[in-house]
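Reviewing the structure listed below.
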Amino acid sequence: MIKGIFETHINVSNYQASSQFYEQLPGIIRLHEDPARKSSFYWVGRPGESMLGIRENYPSPLVQRQHFAFRVELEDMLKARTYLDSLGIPSENFHGESSEELIVFPFMPAVSIYFDDPDGHSLELIAMLNDDPRPELGLMTWSEWESLNERERPDYR
C-alpha cells in the first residue's frame, strides 16, 4: 500500500524567515501560506508528489533539531555545493567536514551533502548512485567510490 512519504512538517521559530530560506531552494514550490496559523506549505519536486509544511511554534515554542533529505539527480549533486555557496549557505559532508569531499553510503549506494536551515534543522541533498549496493563496505569518499568502480573522480567543485 505505502508508496512513499507524502508530507512532513517542521516546527520553526519564525515562519517568514524559514519561508524565505526554503523558497530559494530549487524544486521547492510555494503551495499555500496561512498567516493566521503562521504556516507555509510547499510542493517538493513535482506538485502533488510530496509536501513540506513549516509552522511557527507548533506544537510548541521549543524547536527541536530534525533531519530530512531531499532527493536530487546525480547530475545536480555535482552542482549542489556551488549552488549552496552562491546562496551563502554553508555545507558539509556526512562527517561534518568540508563539503569539498562528499561521502558515499555504500549500502544504498548514495552520495549526499548536508546543510542547516535557519532553525538548525539538518537538511540533506541525496542522490542515488547507479551502482550495485555494497553493504559490506564502510562509508567512503565519493572519490574513493569512483576509484573502486574504476571511474574518474567526480568534478563537483
Side-chain angles (χ1 to χ4, degrees), residues 1-15 17-32 39-56 58-59 63-135 137-146 148-149 154-157:
M1 280 193 303
I2 296 175
K3 305 286 186 194
I5 295 176
F6 181 75
E7 66 182 290
T8 191
H9 292 252
I10 58 170
N11 181 17
V12 299
S13 61
N14 181 319
Y15 94 98
S18 291
S19 294
Q20 289 176 348
F21 175 83
Y22 283 96
E23 288 171 14
Q24 64 186 342
L25 299 179
I28 304 298
I29 305 162
R30 180 181 211 116
L31 172 61
H32 178 69
S39 301
S40 291
F41 302 90
Y42 300 93
W43 290 127
V44 178
R46 292 194 320 226
E49 289 195 358
S50 181
M51 188 181 78
L52 170 67
I54 60 173
R55 190 161 179 193
E56 186 174 318
Y58 182 84
V63 176
Q64 294 180 317
R65 181 179 167 95
Q66 297 178 354
H67 168 75
F68 54 96
F70 296 109
R71 182 180 64 234
V72 299
E73 296 297 327
L74 188 57
E75 301 78 42
D76 294 327
M77 183 60 70
L78 296 170
K79 302 176 271 189
R81 186 171 64 88
T82 303
Y83 183 76
L84 292 170
D85 283 348
S86 76
L87 297 175
I89 300 172
S91 60
E92 57 190 30
N93 68 20
F94 174 78
H95 298 300
E97 301 164 341
S98 168
S99 58
E100 298 249 345
E101 187 68 77
L102 299 180
I103 302 298
V104 166
F105 306 95
F107 68 92
M108 297 170 83
V111 61
S112 67
I113 189 169
Y114 291 80
F115 56 103
D116 290 342
D117 81 355
D119 284 296
H121 295 299
S122 172
L123 308 182
E124 178 182 5
L125 301 178
I126 189 165
M128 295 298 294
L129 295 165
N130 297 319
D131 300 303
D132 291 331
R134 299 283 306 270
L137 299 176
L139 301 180
M140 64 182 64
T141 66
W142 197 2
S143 298
E144 291 168 332
W145 179 264
E146 293 298 293
L148 181 72
N149 286 284
D155 184 16
Y156 53 91
R157 292 169 195 236

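Since the model is a prediction, treat every value here as computed from it, not as a measurement.
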Mind checking whether [X] and [Y] have side chains closer than 4.5 Å, heavy atoms only?
X	Y	result
Val111	Ile126	no
Phe68	Leu123	yes
His9	Phe41	yes
Asp116	Arg65	yes
Pro106	Leu139	yes
Asn11	Gln64	no
Asp117	Ile10	yes
Ile103	Thr141	yes

To the closest 0.5 Å, what do you measure between [atom1] ([X]) and [atom2] ([Y])?
X	Y	atom1	atom2	result
Glu144	Glu146	CD	CD	11.5 Å
Arg30	Ile28	CZ	CD1	12.5 Å
Ser13	Glu56	OG	CD	7.0 Å
Glu73	Lys79	CD	NZ	10.5 Å
Leu102	Ser91	CG	OG	8.0 Å
Phe105	Ser112	CZ	OG	3.5 Å

Pair Leu137-Leu148, side chain to side chain contact (heavy atoms under 4.5 Å, CB included): steps then yes or no:
CA-CA 11 Å; Leu137 299 176; Leu148 181 72; 3.5 Å; yes
Whether the side chain of Ser86 engages the backbone of Tyr83 through a donor-acceptor N/O pair (distance < 3.5 Å, no angle test) should be reported.
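Yes, because the side chain of Ser86 sits within donor-acceptor range (under 3.5 Å) of the backbone of Tyr83.
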Short question: side chain of Asp119, backbone of His121 - any donor-acceptor pair under 3.5 Å?
no
So which heavy atom on [X] is nearest to which on [Y], and how close?
X	Y	value
Trp142	Leu78	CH2-CD2, 3.4 Å
Leu25	Phe70	CD1-CE1, 4.4 Å
Ala110	Met108	N-CB, 3.7 Å
Val44	Met51	CG2-C, 4.2 Å
Trp145	Asp132	CH2-O, 4.0 Å
Phe6	Gly48	CE1-O, 3.2 Å

Pair Leu52-Thr8, side chain to side chain contact (heavy atoms under 4.5 Å, CB included): steps then yes or no
CA-CA 5 Å; Leu52 170 67; Thr8 191; 3.8 Å; yes
When you look at Arg71 and Met128, which way does the side chain to side chain contact (heavy atoms under 4.5 Å, CB included) test go after all the steps?
CA-CA 8 Å; Arg71 182 180 64 234; Met128 295 298 294; 5.8 Å; no
Is the ring pair Phe21/Phe115 parallel, tilted or perpendicular, if the boundaries are 30 and 60 degrees?
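Phe21 and Phe115: tilted rings.
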Tell me, yes or no, whether the heavy-atom count around Ile5 atom CD1, taken from other residues, nucleotides or ligands under 6.0 Å, exceeds 12.
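Count not over threshold, so no.
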Answer yes or no: does atom CZ of Arg55 have more than 12 heavy-atom neighbours from other residues, nucleotides or ligands under 6.0 Å?
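Check passes, neighbour count above 12.
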Side-chain H-bond candidate by donor/acceptor type, Ser19 with Tyr42, under 3.5 Å
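Per modelled atom types, Ser19 and Tyr42 side chains form a pair under 3.5 Å.
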